[in-house]
Every structure is written in structure tokens, then in C-alpha cells.
Amino acid sequence: MLIKRRRGWEIPDHLATPEAVFLDRRTLVGGAAGLAAGSLLGGRAAWAAAGDQALYPAPQNPAYTLDRPLTPERFSADYNNFYEFGTSKTVLPAANALKTQPWTLKIDGLVEKPFEIGVDDLIRKVGLEERLYRHRCVEAWSMAVPWTGFPLAKLVALAKPTSGAKYIRFETFLDKAMAPGQRAFFYPWPYTEGLTLAEAGNDLAFMVTGIYGKPLPNQFGAPIRLAVPWKYGFKSAKSLVKISFTADRPKTFWEGLQASEYGFWANVNPAVPHPRWSQATERVLGTDQRVPTLIYNGYGEQVAGLYKGLEGERLFV
């Protein structure tokens, strides 16, 4: 007898969205690529219409499903944290100034041979897939989104880290003329984040280049960002320009700004409050619901083993 064991984030087949309905949604969303630059799509839509829109929507990986409905794009696309373009949630108009073509990603540090690669070339080299992920912000709101991208492990393999590499440091762009938020002297720009090499090799760690069946709009962190769904959203750095392999734990943007409130690990835990608010529940974008928050955002079965032996570390928040 075949016994199927469901993963923590999966739902029963009878509750899943019928394939025909989902494909209709993807067709409708794909047609939105021709909207004007002032729409929710942001500036990347123009590039998409010019060529690589053919790569989207990417095939969906059926191993990554959800326990809740997808957040409609009209809610998630106009509610973003992107401090490079301002501290409000409505950064979409300002983010349209982000120039995403051409865009080069630099790989350096403890690797066999440092190199630079255009994002478009990288996409063609590694391929794309769609995954449905939960996203939990440290501010206690959440959404469920269809990211398009590729496993971070593929990029690690491409980089060929040396034996001394233990961490990965992610760095976003720095352009004060383009991003007015970067003119604020009290922030430690550029935005940086970090993972252990073990975390980066986990199946869930994902490099994102698209959402809702289209290339990534600017306000989501175009043209390439990170998604680590078991951690608070600030760990998922946007608009990356450099990925460095290091022997030492990198100091991250929010640690540099307020280490007492934002640590390196930042794994989701409802039982560990932020110093200024509870993490026990979360507000789901596009609804009036508050739902219980799950340990590791519901992905504990897949990631809890990464932290064995680290009980003395501040693993949450």
C-alpha cells in the first residue's frame, strides 16, 4: 500500500484550486503585461513585453502548495516595504524609477573564480519554476504569493564555493540618484542580508525573478530578489547586485541599524514577540482576518534541522 506523507504547507487535493481555474488566472495575469507604466506592474512590464515575457508563466512545481488562497495582486502589489524608495507601504510610484535593464549580478568572495553575469543570462542558464509560498513580515502581516524563480542552491552550485565558505552575504544596489530613500544618512546603505551556506542549500531557499506569472515588478524587488519563507520578510533582500561567499557571519542591514530588535537568524516564531509587538498572530493582506502564526511560518518540518546545536543562539526575531 502506498502511503503519501504530506508536507506541512500542503492541503488536501479536494481543496486545491482546479487546474482550469488556475490556468485561466495565469492567462489573465499574463495579459496584464501590456499595462501602462503607472499600473501595479511597475517599470519592469515594459521590458517583459519586449522579449522575455515568453518565459512567464513558468511551470508550477507541485511540491509547493498553500494552506490558504493566493493574495490577489491588487493587494500585495501596492503594499510593499522597500526603504530605498521610502518608508511608507505605497512605494510603487517611486519604485518605477528603478532601472532594471541591464542588470548584472556579481559573485565573489570564497569561490573558485569570481564572475559577473547578467540576470537574463542567469535565468536562461538555470531555468525557472513557479512556487506558491507564504510570506510573513516581521510587522505581523502576511500574504500568499506565486513566486517565479529558481532554487538558490543552483546559484551556489554555479558559484562553486571553496571549503572555507560558511555564509553568503547578499547586497542590493546603491544609487542615491535613483533611490531617494538611500539619501537618508541614518540608514547603513546598501541593504545587506546573510544566510548560512546550509540555509542557502535548503530546498525552500529561492531566488525570485517573477510573481503572478510575470517578471518581477519593481516594488517587489526587480529584477532578482531572495525568498526564504521560514524567516521574516526583511531577510528576503530585494534588487540584488552582489552575492559574496564568506567565512565570517555578515552583519546585516537591520542588525546594523537596531541589533536589539533584528537579529541575524530572524526565523518566524509566534512564541517569541518582537520587543514592541506580539508575533502570535498575523493580518492576512486583502482580508479582515487575523490568523495564528506558525513556527517557522509553517515550514518547520523542512528547516528545523538546520538549527540543531544552535539553541544558545537568538534564532527568532
J.: Please round to the nearest 0.5 Å and tell me the distance separating atom CD of E116 and atom CD1 of I107.
T.: 9.5 Å

J.: Of all residues at least two apart in sequence or in a different chain, which pass the side-chain hydrogen bond (donor to acceptor under 3.5 Å, both in side chains) check with E171?
T.: R169

J.: Go through it in stages, so that I can follow the logic: the residues are N267 and W230, the test is side chain to side chain contact (heavy atoms under 4.5 Å, CB included), and I'd like the CA-CA distance, side-chain angles, deciding distance and then a yes or no.
T.: CA-CA 6 Å; N267 296 313; W230 69 95; 3.2 Å; yes

J.: Is the shortest heavy-atom distance from the side chain of I168 to the side chain of T246 under 4.5 Å?
T.: no

J.: Could I get the full list of salt bridge (charged side-chain N to carboxylate O under 4.0 Å, His left out) partners for K89, not counting sequence neighbours?
T.: E139

J.: Check whether any side-chain heavy atom of L128 sits under 4.5 Å from a side-chain heavy atom of T209, and report yes or no.
T.: yes

J.: Please identify each residue that fulfils salt bridge (charged side-chain N to carboxylate O under 4.0 Å, His left out) with K238, with sequence neighbours left out.
T.: none

J.: Decide yes or no for R131 and T148: does some side-chain heavy atom of the first lie under 4.5 Å from some side-chain heavy atom of the second?
T.: no

J.: What verdict does the salt bridge (Lys or Arg N to Asp or Glu O under 4.0 Å) test give for K214 and E73, after you've listed the backbone C-alpha separation in whole Å, the side-chain angles of each residue and the deciding distance to 0.1 Å?
T.: CA-CA 11 Å; K214 303 181 296 288; E73 184 180 7; 3.2 Å; yes

J.: Donor-acceptor pairs under 3.5 Å, side chain of residues 290-298 to any protein atom, not counting sequence neighbours: which ones?
T.:
unit_1: R290; atom_1: NE; unit_2: T281; atom_2: OG1; d: 3.0
unit_1: R290; atom_1: NH2; unit_2: T281; atom_2: O; d: 3.4
unit_1: R290; atom_1: NH2; unit_2: T281; atom_2: OG1; d: 3.3
unit_1: T293; atom_1: OG1; unit_2: R136; atom_2: NE; d: 3.2
unit_1: T293; atom_1: OG1; unit_2: R136; atom_2: NH2; d: 3.0
unit_1: T293; atom_1: OG1; unit_2: Q279; atom_2: O; d: 3.3
unit_1: T293; atom_1: OG1; unit_2: E282; atom_2: OE1; d: 2.6
unit_1: N297; atom_1: ND2; unit_2: P229; atom_2: O; d: 2.9

J.: Please say which of I224, L105, L226, V111 ends up in a side-chain contact (heavy atoms from CB on, under 4.5 Å) with I243.
T.: L105

J.: Does any pair with a residue in residues 84-114 pass ring pair (Phe, Tyr, Trp, His ring centres under 6.0 Å), and if so which ones, sequence neighbours excluded?
T.: F82-F85

J.: Not counting sequence neighbours, which residues clear ring-ring contact (aromatic ring centres under 6.0 Å, His included) with F206? List them please.
T.: Y133

J.: Checking the side chain of N218 only, and the main-chain atoms of A95 only, is there a donor and an acceptor separated by less than 3.5 Å?
T.: yes

J.: How long is the gap from CG on L122 to CZ on F150, to the nearest 0.5 Å?
T.: 4.0 Å

J.: Return yes if some donor-acceptor pair links the side-chain N/O of K235 with the main-chain N/O of F264 below 3.5 Å, else return no.
T.: yes

J.: Evaluate the criterion side chain to side chain contact (heavy atoms under 4.5 Å, CB included) for residue pair V145 and L70; output intermediate values, then yes/no.
T.: CA-CA 6 Å; V145 291; L70 286 174; 5.5 Å; no

J.: Checking side-chain polar atoms at under 3.5 Å, does R68 have a donor or acceptor matched by the opposite partner on S142?
T.: yes

J.: Given side chain to side chain contact (heavy atoms under 4.5 Å, CB included), test L98 with F173 step by step and report yes or no.
T.: CA-CA 10 Å; L98 179 64; F173 74 95; 3.9 Å; yes

J.: Where the side chain of R225 meets the backbone of S236, is there a donor-acceptor pair that is under 3.5 Å apart?
T.: yes

J.: Do V241 and T172 have side chains that get closer than 4.5 Å, going by heavy atoms?
T.: no

J.: Any idea how F253 and Y191 line up, ring-wise: parallel (<30°), tilted (30 to 60°), or perpendicular (>60°)?
T.: parallel

J.: V317 and P273: which non-hydrogen atoms are nearest, and at how many Å?
T.: CG2-O, 4.1 Å

J.: For Y232, what residues pass the ring-ring contact (aromatic ring centres under 6.0 Å, His included) criterion, not counting sequence neighbours?
T.: none

J.: Within this structure, what is the CD-CE distance for the pair E84 and M178, rounded to the nearest 0.5 Å?
T.: 9.5 Å

J.: Answer yes or no: is there a donor N or O on one side and an acceptor on the other, between the side chain of R183 and the main chain of K176, under 3.5 Å?
T.: yes

J.: For residues Q219 and N80, is any side-chain donor paired with an opposing acceptor at under 3.5 Å?
T.: no

J.: Find the distance between NE2 (H135) and OG1 (T71) and round it off to the nearest 0.5 Å.
T.: 10.0 Å

J.: Considering residues at least two apart in sequence or located in another chain, which fulfil the side-chain hydrogen bond (donor to acceptor under 3.5 Å, both in side chains) criterion with Q258?
T.: S260

J.: Roughly how far, to the nearest 0.5 Å, is CD of E255 from CZ of F234?
T.: 8.5 Å

J.: Return the OH to OH distance between Y212 and Y56, rounded to the nearest 0.5 Å.
T.: 15.5 Å

J.: Would a 4.5 Å heavy-atom cut-off, applied to side chains only, mark D108 and F245 as touching?
T.: no

J.: Using a 3.5 Å cut-off and no angle test, enumerate the donor-acceptor pairs between side-chain atoms of residues 151-167 and protein atoms at least two apart in sequence or in another chain.
T.:
unit_1: K154; atom_1: NZ; unit_2: V126; atom_2: O; d: 2.8
unit_1: T162; atom_1: OG1; unit_2: L110; atom_2: O; d: 3.4

J.: Side chains of E261 and H274: closer than 4.5 Å at any heavy-atom pair?
T.: yes

J.: Spell out, as yes or no, whether a donor-acceptor pair under 3.5 Å connects the side chain of Y83 to the backbone of Q182.
T.: no

J.: Would you please name every residue forming a side-chain hydrogen bond (donor to acceptor under 3.5 Å, both in side chains) with D121, sequence neighbours left out?
T.: none

J.: Checking W265 now: which residues fulfil side-chain hydrogen bond (donor to acceptor under 3.5 Å, both in side chains) with it, not counting sequence neighbours?
T.: E313

J.: Show your reasoning for whether side chain to side chain contact (heavy atoms under 4.5 Å, CB included) applies to M143 and R134.
T.: CA-CA 6 Å; M143 60 182 178; R134 290 196 296 273; over 6 Å; no

J.: Just by modelled atom types, is the A222 backbone N or O under 3.5 Å from a matching donor or acceptor in the S239 side chain?
T.: yes

J.: With sequence neighbours left out, what residues match Y79 under ring-ring contact (aromatic ring centres under 6.0 Å, His included)?
T.: W141

J.: Quick one: does any side-chain atom of N61 pair with a main-chain N or O of E130 as donor and acceptor, under 3.5 Å?
T.: no

J.: Measuring only between side-chain heavy atoms, which start at C-beta, is T104 closer than 4.5 Å to V119?
T.: no

J.: Can you tell whether the side chains of K99 and D175 come within less than 4.0 Å, N to carboxylate O?
T.: no

J.: Let me see the working for Y262 and W254 under ring pair (Phe, Tyr, Trp, His ring centres under 6.0 Å), right down to the final yes or no.
T.: CA-CA 6 Å; Y262 304 99; W254 284 105; 5.1 Å; yes

